[in-house]
Amino acid sequence: MLKSLLKKICKKPRQARNDIVIVLPYQNQKILLIKEYRKQYDMEMWKFVSGGMDKPHLGSLETAQEELAEEISMESNSWSLYHKFDKKFSSVNIFYYIAQDPKVMENPIENPDEDDIIVDQKWVTLGELWEMVDNQEIIWKESILVAINFLRSRV
């Protein structure tokens, strides 16, 4: 399964041109994952809410807030920058934000991204996230390490 997944992903690699935000919605010792259908790969994959900083007038926090609203129609009154990988270690800056106790928006906005469609979401504990890694349901990369580290700090 992992080999076929890697073939599909490696077939047409996405090149990040802009800095990236990754949002970890958090409540009750759990973080929220989304399952996204990606047309270009014709597959579904579990991931975190994320997006490129492609609007020059928005900073990283505003981009994170916009991504949470667009991708899963949620908002939070409590945000914190948890971690940042800078260009010394990556081709772009990657900002990891915690959205504490997010709520569903009363007036959701439409997601303008037509290629990547959110098909499911679920709240997971640290143990459940590890299970997903062990079962190869989610791709092991630095985002998983950041999420695991964050959840471990809350136990």
Same cluster (ILVMFWY, side-chain, under 4.5 Å), Leu61 and Leu81: yes
Verify same cluster id: Trp46, Val23 (apolar side-chain graph, 4.5 Å): no
Approximate separation, where rounding is to 0.5 Å, of Leu129 CG and Glu137 CD: 10.5 Å
CA sep, side-chain torsions, deciding dist, call: Tyr26, Ser76, side chain to side chain contact (heavy atoms under 4.5 Å, CB included): CA-CA 10 Å; Tyr26 174 76; Ser76 174; over 6 Å; no
Straight-line distance of Trp79 CH2 to Ile98 CD1, nearest 0.5 Å: 9.5 Å
Pairwise distance CE(Met43) to CD(Glu36) - rounded to 0.5 angstrom: 10.5 Å
Separation between CE of Met105 and CD of Glu70, rounded to the nearest 0.5 Å: 9.5 Å
Heavy-atom pair with the smallest gap, counting every atom of Ile144 and Ile139: CG1-O, 3.3 Å
Worked verdict on Ile138 versus Lys47 for side chain to side chain contact (heavy atoms under 4.5 Å, CB included): CA-CA 7 Å; Ile138 192 165; Lys47 63 183 271 295; 5.8 Å; no
ILVMFWY cluster, Ile117 and Ile34 together (side-chain gap under 4.5 Å): no
Sub-4.5 Å side-chain heavy-atom contact between Gln29 and Thr125: no
Atom of Pro25, atom of Ile72 and distance for their closest heavy-atom approach: CG-CD1, 4.4 Å
Heavy-atom side-chain proximity of Trp123 to Gln27 below 4.5 angstrom: yes
Contact summary for Thr63 and Gly52, nearest pair of heavy atoms: CG2-O, 3.8 Å
For the student: nearest non-hydrogen atoms of Pro102 and Ala99, plus distance: CD-O, 3.4 Å
Smallest separation among heavy atoms of Ser60 and Tyr97, with atom names: OG-OH, 2.6 Å
Separation between NZ of Lys84 and CD1 of Ile20, rounded to the nearest 0.5 Å: 13.0 Å
Nearest-0.5 Å distance that lies between atom CD in Glu71 and atom CG in Leu32: 10.5 Å
Side-chain heavy atoms of Met53 within contact of Val21, under 4.5 Å: yes
Verify same cluster id: Val146, Leu126 (apolar side-chain graph, 4.5 Å): yes
Linked, directly or transitively: Val104 and Leu68 (ILVMFWY side chains, under 4.5 Å): yes
Basic-acidic side-chain contact under 4.0 Å: Lys55, Glu62: no
Derivation of the side chain to side chain contact (heavy atoms under 4.5 Å, CB included) call for His83 and Ile94: CA-CA 8 Å; His83 190 73; Ile94 305 172; over 6 Å; no
pair Asp101-Ser78: side-chain heavy atoms closer than 4.5 Å: no
Heavy-atom check, side chain of Val49 versus side chain of Ile118, under 4.5 Å: no
Crowding at CG, Asn77 (>12 non-hydrogen neighbours, <6.0 Å): no
Minimum heavy-atom distance Glu44-Lys35, with the two atoms named: OE1-CD, 3.3 Å
Centroid-centroid under 6.0 Å between Phe48 and Tyr96 rings: no
